[in-house]
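In what follows, a structure is listed as structure tokens, so that the remarks can point back to it.
In what follows, chains carry the letters A, B, and so on, assigned in the order in which the sequence lines appear, proteins first and then strands, with residues in each chain numbered from 1.
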Amino acid sequence: MKIVTWNINSVRLRAPMVVKLMREEAPDIICLQETKTMDEFFPRDVFEAEGYTHIHIAGMKSYNGVCILSKIPFTQTDIHSRVGKEDCRHVSVSLRSPSGSQVTYGGIPSGIQKLDIHNLYIPAGGDEPDRDINEKFGHKLDFINEMRDFFAANYTANDNVVTLGDFNIAPREHDVWSSKQLQKVVSHTPIEIEHLSNMADSIDWQDAVRHFVPDEEKCYSWWSYRNRDYTKSNRGRRLDHIWVTKPLISRLTSYRVLTEYRALEKPSDHVPVMIELA
DNA sequence: ATGGTTGGTTACCAA
């Protein structure tokens, strides 16, 4: 089972790039962030025509917006409001057998009876990393705390759960081009990293990409638009993540960060990140 | 310390 996360930065503008991803990589499940459109304008038919007939959307005008596109049917879908706002930053789906038998995949029992997927678009947090003068930063920290409590309240570390999305935090030294120069830059500050670490502790989340990529190796999923040539300076950050619970670790068979998508004509500033679960 | 670019909406906001 291939699962992708991608901040698409306007799903209407870049639906053709999603179709390219569908045709070339054939993921089973694609989770998008920053779709930036109301549900009535979501290009549902374009994706249905590619075989992604199970679509769960939470969109709004202009900002945010998340969705899950799937070849596999859902048994439950939820839209979660976070930090008292209906701002379309968290959707989830369940894949499970109502009879209690195993979820089948290609007609074959998977050995799993239940798998939940949570797609998150964590607030970017503004420019100033101080909640007393920047309420966006406070919103970001509160959002992460709420996710920590949500996971702790709804799951145990033995459940099969995936959470992924644009977390807007690059937590590790080699998730950024220069950890030293980004200490006070929102996305890499110690306070954000500590909050994200607490969220990870909730049900012992495991970083699926760092499962494959050594700690000392640079790994990025985002490059700013504010550079003439993103390849020259290569000042990237790993803002997009896929986490799995411990029972799924032994099923992880591969990962990919599709960096070539940053070089397309009119690209998103984020690239797709994919894992494969046996 | 500053400004650099993009998307959505449509006169700036968010990233």
Handout entry: Distance-only side-chain donor-acceptor flag, Arg12(A) / Thr37(A), under 3.5 Å
Key = yes
Practice task
Sticking with atom P, work out how far dA11(B) lies from dT5(B), rounded to a whole angstrom.
Solution key: 24 Å
Practice task
Quote, to the nearest angstrom, the C1' distance that separates dA15(B) from dG4(B).
Solution key: 13 Å
Practice task
Share the residues that join Tyr63(A) in a hydrophobic cluster, the rule being Ile, Leu, Val, Met, Phe, Trp or Tyr side chains under 4.5 Å apart at the heavy-atom level.
Solution key: Met60(A)
Practice task
Give every residue pair that meets the side-chain hydrogen bond (donor to acceptor under 3.5 Å, both in side chains) criterion with at least one member in residues 124-136 of chain A, sequence neighbours excluded.
Solution key: Arg131(A)-Asp142(A)
Practice task
Quickly work out the Asn227(A) CG to dT2(B) P distance and round it to whole Å.
Solution key: 19 Å
Practice task
Could you tell me which residues satisfy salt bridge (charged side-chain N to carboxylate O under 4.0 Å, His left out) with Glu260(A), sequence neighbours excluded, listed by chain and number?
Solution key: Arg256(A)
With a 3.5 Å cut-off and sequence neighbours excluded, list the donor-acceptor pairs that the side chains of residues 49-59 of chain A form with protein atoms.
| residue | atom | partner | partner atom | Å |
| --- | --- | --- | --- | --- |
| Glu50(A) | OE1 | Arg23(A) | NE | 3.0 |
| Glu50(A) | OE2 | Arg23(A) | NE | 3.4 |
| Glu50(A) | OE2 | Arg23(A) | NH2 | 2.8 |
| Tyr52(A) | OH | Pro27(A) | O | 2.5 |
| His56(A) | NE2 | Asp78(A) | N | 3.4 |
| His56(A) | NE2 | Asp78(A) | O | 2.8 |

Practice task
Can you run down the ring pair (Phe, Tyr, Trp, His ring centres under 6.0 Å) pairs that involve residues 170-199 of chain A, sequence neighbours left out, and say none if there aren't any?
Solution key: none
Exercise for the section: Round to the nearest Å and state the distance from Gln181(A) atom CD to dA1(B) atom C1'. Expected result: 14 Å
Practice task
Report the hydrophobic cluster partners of Trp222(A), with the cluster defined as I, L, V, M, F, W, Y residues connected by side-chain heavy atoms closer than 4.5 angstrom, directly or transitively.
Solution key: Leu239(A)
Problem - Same-atom distance (P) from dT6(B) to dT2(B), integer angstrom - result: 23 Å
Problem - Integer-rounded Å distance: dT6(B) P and Ile8(A) CD1 - result: 16 Å
Problem - Rounded P spacing from dG3(B) to dG7(B) in Å - result: 22 Å
Problem - Of all pairs that satisfy ring pair (Phe, Tyr, Trp, His ring centres under 6.0 Å), the ones with a partner from residues 247-267 of chain A, not counting sequence neighbours - result: Trp6(A)-Tyr261(A), Phe212(A)-Tyr255(A)
Practice task
Heavy atoms under 4.0 Å is the rule here; annotate nucleotides 10-15 of chain B 5' to 3' with B where the base is hit, S where only the sugar-phosphate is, and - elsewhere.
Solution key: ----SB
Problem - Residues within residues 11-20 of chain A bordering DNA chain B, heavy-atom distance below 4.0 Å - result: Arg12(A), Leu13(A), Arg14(A)
Fill in the blank from the handout: All stems that DNA chain B takes part in, i.e. 3 or more consecutive Watson-Crick or G-U pairs with distances under 3.5 Å, are B:5-8 with B:12-15
Completion exercise
Residue set satisfying side chain to side chain contact (heavy atoms under 4.5 Å, CB included) with Asp45(A), at least two apart, ordered chain then number -> none
Problem - Which residues share a side chain to side chain contact (heavy atoms under 4.5 Å, CB included) with Asn227(A), sequence neighbours left out - result: Ser233(A)
Exercise for the section: Quick one: sort the Trp223(A) and Tyr220(A) rings into parallel, tilted or perpendicular, breaks at 30° and 60°. Expected result: perpendicular
